[in-house]
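This is a predicted model, so every value here is computed, not measured. Just follow the structure's listing: the first ligand is 1, and inside any ligand the first atom is 1.
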Amino acid sequence: MSLFWFGNYDLLIFDRIDSTNDEAIRLVKSGVRGDVVIIAREQTKGKGSKGRYWHSISGNLHVSILLEAHDSLLRLQEMPFLVGLAIHDAIKEQAELSGRSSIDIKLKWPNDVLVEGKKIAGILLESVVISGKLFVVVGIGVNTHFIPKIDGVEATSLLNEGIILRHADDFLSIIMTKFHQYYVNWQADKDFNRLRTEWLAKAYNLGNKVSITDGKNTLTGIYKGIDSNGAFCLELEDGKICDFVAGDISFIQN
Ligand code: BTN
């Protein structure tokens, strides 16, 4: 295995585990402090966003990064955007190496990465406070080789899009390099604006008519962007702008 990004991160590799995010939380509770990267070839209880199941096929990438957060919980809301950008850039780099430089890679609010309009990766952030210290777990699932069946979601894999990888671990190395760069810059920057601008340049459906639902009510309008807290901004027909907080709603393309 060639994990040359290793740097300050400790690495734990499991053949099979319930969930790498759950393992990260167990580690913190048992006294381990960041920065740890946990990989599992297979997850038996992979967790998706909004309590959904993440179908974890052996051969795809399932990883959690455990970090001691030096920022407030409020600022952690910004993290899915930098993680999304890191995954975007990693796919772009590998696509170029595979001769697929014109591939369409987009970031779908709040936590998805799409290739050619189909879901290829998802991000699940969790936080935990132990002895007054805040820890964050960045869970990332990437369909590197296989396409899981997700109800109501069109999915793809890197391989299916002609992006060639020997092993999911090779892709982890690229993601970690990108993630680390974004993370260090974001910690130094203290300003979400630059990250927000970069993220919006890659946003899926920006400026288009979209519908948003909380499971009960659906609102339709124009996707105007994200606000200074990362909330989704929808312009309704009467010109009113509604802000939706990340994680509370699902996003449906019209
Ligand atoms: C989503 O619903 O899009 C988020 C999916 C996140 C899946 C990853 S796989 C590694 C980590 N461990 C988990 O149990 N979930 C995340």
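Less than 4.0 angstrom separates some heavy atom of Asp112 from each of these atoms of ligand 1: 3 (O). Near Gly46, with a cut-off below 4.0 Å to any heavy atom, the atoms of ligand 1 are 14 (O). Which parts of ligand 1 touch Val63 is read off a 4.0 Å heavy-atom cut-off, strictly below it: atoms 10 (C), 11 (C).
Of the N or O atoms in Trp54, none lie within a sub-3.5 Å distance of an N or O in ligand 1.
Remark: the Tyr204 side chain and the Asp112 side chain contain no N/O donor-acceptor pair separated by less than 3.5 Å. A donor atom on one side chain and an acceptor atom on the other are not found under 3.5 Å apart for Thr44 and Asp18. Between Gln43 and Thr20, the side chains place a donor N or O and an acceptor N or O closer than 3.5 Å (distance only, hydrogens not considered).
A salt bridge links Lys133 with Glu68: at least one charged nitrogen is closer than 4.0 Å to a carboxylate oxygen. Between Lys47 and Glu126 there is a salt bridge, since a side-chain N of the basic residue sits under 4.0 Å from a carboxylate O of the acidic one.
Contacts between Ile123 and ligand 1, counted as non-hydrogen atom pairs separated by less than 4.0 Å, involve the backbone only. Of the heavy atoms in Ser64, only side-chain atoms (C-beta onward) come closer than 4.0 Å to ligand 1.
At the shortest separation from atom 16 (C) of ligand 1 among protein heavy atoms lies Lys47 O, 3.8 Å. Taking atom 2 (O) of ligand 1 as the reference point, the nearest protein heavy-atom neighbour is Ser49 N, 2.7 Å. Distance from atom 9 (S) of ligand 1 to its nearest protein heavy atom, with residue and atom name: Gln43 NE2, 3.4 Å. Looking only at heavy atoms of the protein, atom 3 (O) of ligand 1 is closest to Lys119 NZ, 2.6 Å. The single protein non-hydrogen atom nearest to atom 10 (C) of ligand 1 is Thr20 OG1, 3.2 Å, given as residue, atom name and distance.
Summarising the local packing, NE2 of His180 is surrounded by 12 or fewer heavy atoms from other residues, nucleotides or ligands at distances under 6.0 Å.
Ring geometry for His55 versus Tyr53: interplanar angle over 60°, hence perpendicular rather than tilted (30 to 60°).
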